Enquirer: 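After the structure tokens below, expect a handful of questions from me.
Order of the sequence lines sets the chain letters (A, B, ...), proteins ahead of strands, with each chain counted from 1. Everything numeric here is computed off the predicted structure, so don't read it as measured data.
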Number of protein chains: 2
Amino acid sequence: MKLAAVDVRQAASAADIVYDALRKAIIEGDLAEGENLRQDQIAQMFNTSRIPVREALSRLEQHGLITTERYKGAVVAGLSIEEIDEIFQFRAFVEAEVMRLAVPNLDQDALAAARKYCEEFGLETEPARWGEINRSFHYSLYAASGRPYYLQIVRTSLDRIDRYLRAQLTLTNGVMRADREHKVILEACLNGDAGLASRLTRDHVLDAGRSLVAFLKDQRA
Amino acid sequence: MKLAAVDVRQAASAADIVYDALRKAIIEGDLAEGENLRQDQIAQMFNTSRIPVREALSRLEQHGLITTERYKGAVVAGLSIEEIDEIFQFRAFVEAEVMRLAVPNLDQDALAAARKYCEEFGLETEPARWGEINRSFHYSLYAASGRPYYLQIVRTSLDRIDRYLRAQLTLTNGVMRADREHKVILEACLNGDAGLASRLTRDHVLDAGRSLVAFLKDQRA
DNA sequence: ATATTGTATATTGGATCCAATTTTTCTAAC
DNA sequence: GTTAGAAAAATTGGATCCAATATACAATAT
């Protein structure tokens with residue numbers, strides 16, 4: 001007898017599904033900050049009991065995406081301007097280092113992928129897709145750093161501020177500037193200039209942060 | 001009516017208690033890597049049902065301290081030498097930056113606290129206390145950086161490798177070297193030399209990492 | 001004796017039920 | 001009409017029960 005080998009993929013648990021869905025909704029801003037999350041309501045939305053929902057909420061809290069209080073429930077966590085500013089500084093610091101480590105290891109495949117995402121970002125008109133393409137562009141380069149732990153940290157940092165970034169990209173000409181900056185970063189990578197790519201990456205993140213903080217200060221005043 | 005202000009501390013939930021206890025046990029190496037964690041057994045130890053235990057395990061998994069598999073349970077996560085090496089590099093990179101930012105803000109209280117912990121570390125003979133005092137020393141300085149997010153990241157990074165560090169400190173003369181290095185770091189802080197304190201901190205962490213990696217390579221070979 | 005099959009046990013994930021407490025609503029007094 | 005207090009509803013955390021699956025072990029066939 002001969003059968004094709006099948007990859008019996010472990011079906012995700014209900015808690016995993018709820019967690020992924022809520023994380024995505026918070027990151028993308030579909031759940032506004034301060035919004036109340038009722039266990040019962042979420043359970044009904046996913047057709048499960050409250051048990052997996054509670055587990056999902058507990059994980060989200062560990063990542064700082066929500067806060068919970070007994071008998072009161074969970075609310076989507078908001079960030080102060082100071083916190084947003086700090087996270088951008090941290091990202092700039094770490095991502096510049098990751099880029100510096102990545103450039104010497106970039107191969108043709110990685111560069112081709114980065115070029116593809118770079119073009120895609122410039123052409124995309126749907127704001128909802130900017131965040132994802134932006135991540136794909138940067139990660140296609142970062143991956144060559146061979147630093148999975150660094151990248152995991154960068155990911156959780158991005159998770160915290162993605163929704164603010166989107167608001168800013170949408171409401172200003174941030175996309176055009178990001179697009180220009182992506183192009184020069186890619187250029188530096190193609191030239192194998194690690195120092196330049198690193199500095200440009202740092203400035204790219206800091207620019208976005210400064211612009212966002214200014215925007216929020218104005219908005220919240 | 002007048003009442004003295006009372007800090008009504010939110011009683012920790014069972015899940016919180018279990019989480020804190022397990023986290024501490026893993027960090028301090030009381031639960032060896034690869035050890036099986038049975039929900040039922042833990043629940044009995046804490047005199048609760050499996051529900052809060054599951055929540056605690058779920059959180060621990062999010063922080064990379066355990067891995068779980070359906071129908072098989074949870075095991076304390078082990079780290080490869082490469083992963084340990086990477087985390088030390090990351091810590092050195094971030095903690096050096098935190099120190100650089102902290103030095104200009106150090107006041108007399110912070111310096112006095114650091115000096116106290118520094119002496120305490122050198123005099124402590126109980127290996128079980130080294131990790132905690134070491135953290136207290138570094139954090140008493142780092143706190144002045146005004147970068148809570150950076151420090152949170154540093155904390156989770158430390159959580160991952162603390163138990164390996166302890167093994168190394170215990171089995172080599174690592175404590176004496178750490179003590180010497182603490183003293184010169186403190187000296188640089190007292191002199192207000194941010195650049196030097198930053199470089200010394202980086203080297204302090206890298207030294208410990210290199211020493212640990214060499215130790216583990218030997219041990220695992 | 002060994003390999004294979006079937007069964008019992010162990011273990012996890014989820015559903016349902018209960019206790020504790022907060023929030024809301026209703027009622028009554030002023 | 002407004003406010004204070006009591007009752008009702010809502011909501012969370014935890015306990016117990018159930019379903020699904022893996023592992024261990026016994027029984028059986030070759």
Side-chain angles (χ1 to χ4, degrees), chain A residues 1-3 5-23 25-26 31-32 34-77, chain B residues 1-3 6-23 25-26 31-77:
Chain A
M1 183 176 62
K2 207 168 177 192
L3 282 176
V6 175
D7 179 16
V8 177
R9 195 164 295 270
Q10 178 79 265
S13 70
D16 290 339
I17 292 169
V18 174
Y19 171 74
D20 287 342
L22 289 179
R23 170 177 168 269
I26 293 172
L31 289 171
E35 188 156 350
N36 258 287
L37 301 177
R38 299 296 178 197
Q39 294 180 3
D40 222 354
Q41 159 200 350
I42 298 169
Q44 281 174 23
M45 280 162 50
F46 289 90
N47 229 350
T48 67
S49 76
R50 282 168 42 230
I51 296 288
V53 173
R54 277 169 52 183
E55 206 176 299
L57 292 175
S58 174
R59 292 187 210 170
L60 290 168
E61 188 179 19
Q62 294 297 305
H63 289 294
L65 293 176
I66 64 171
T67 62
T68 68
E69 210 170 333
R70 190 165 188 175
Y71 306 121
K72 292 192 183 166
V75 295
V76 179
Chain B
M1 184 174 59
K2 206 166 177 194
L3 283 177
V6 175
D7 178 16
V8 177
R9 196 163 293 270
Q10 178 79 264
S13 69
D16 290 339
I17 293 170
V18 174
Y19 171 74
D20 287 342
L22 289 180
R23 170 177 168 270
I26 293 172
L31 289 171
E33 91 180 37
E35 190 156 348
N36 258 289
L37 301 177
R38 299 297 178 198
Q39 293 181 3
D40 221 354
Q41 156 202 353
I42 298 170
Q44 283 175 22
M45 280 162 51
F46 288 91
N47 229 353
T48 67
S49 75
R50 281 167 42 229
I51 295 290
V53 174
R54 276 169 52 183
E55 205 176 300
L57 291 175
S58 174
R59 292 187 211 168
L60 289 169
E61 188 179 20
Q62 294 297 305
H63 288 294
L65 293 176
I66 63 171
T67 61
T68 68
E69 208 171 334
R70 191 165 187 176
Y71 305 120
K72 291 194 185 167
V75 295
V76 179

Enquirer: So do Arg54(A) and Val18(A) actually touch side chain to side chain, heavy atoms under 4.5 Å?
Expert: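 Answer no - side chains too far apart.
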Enquirer: Between atom CZ of Arg38(B) and atom CD of Gln44(B), what is the distance when rounded to the nearest 0.5 Å?
Expert: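 Taking CZ in Arg38(B) and CD in Gln44(B), the distance rounds to 13.5 Å.
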Enquirer: Could you go through nucleotides 9-16 of chain C and list every protein N or O atom that sits under 3.5 Å from one of its N or O atoms, giving the distance for each pair?
Expert:
from	atom 1	to	atom 2	distance (Å)
dT12(C)	OP1	Gln39(B)	N	3.3
dG13(C)	OP2	Gln39(B)	NE2	2.9
dG13(C)	N7	Arg50(B)	NH2	2.9
dG14(C)	OP1	Ala14(A)	N	2.6
dG14(C)	N7	Arg54(B)	NH1	2.7
dA15(C)	OP2	Ser49(A)	N	2.6
dA15(C)	OP2	Ser49(A)	OG	2.5

Enquirer: For the CD1 atom of Ile66(A) and the CG atom of Asn36(A), what is their distance to the nearest 0.5 Å?
Expert: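 Ile66(A) CD1 to Asn36(A) CG: 11.0 Å, rounded to 0.5 Å.
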Enquirer: Looking at OG1 of Thr67(A) and CG of Leu57(A), how far apart are the two atoms once the value is rounded to the nearest 0.5 Å?
Expert: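 Spacing of OG1 (Thr67(A)) from CG (Leu57(A)) equals 11.0 Å.
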Enquirer: Output the distance between atom CD1 (Ile26(B)) and atom CG (Leu37(B)), rounded to the nearest 0.5 Å.
Expert: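 Taking CD1 in Ile26(B) and CG in Leu37(B), the distance rounds to 6.0 Å.
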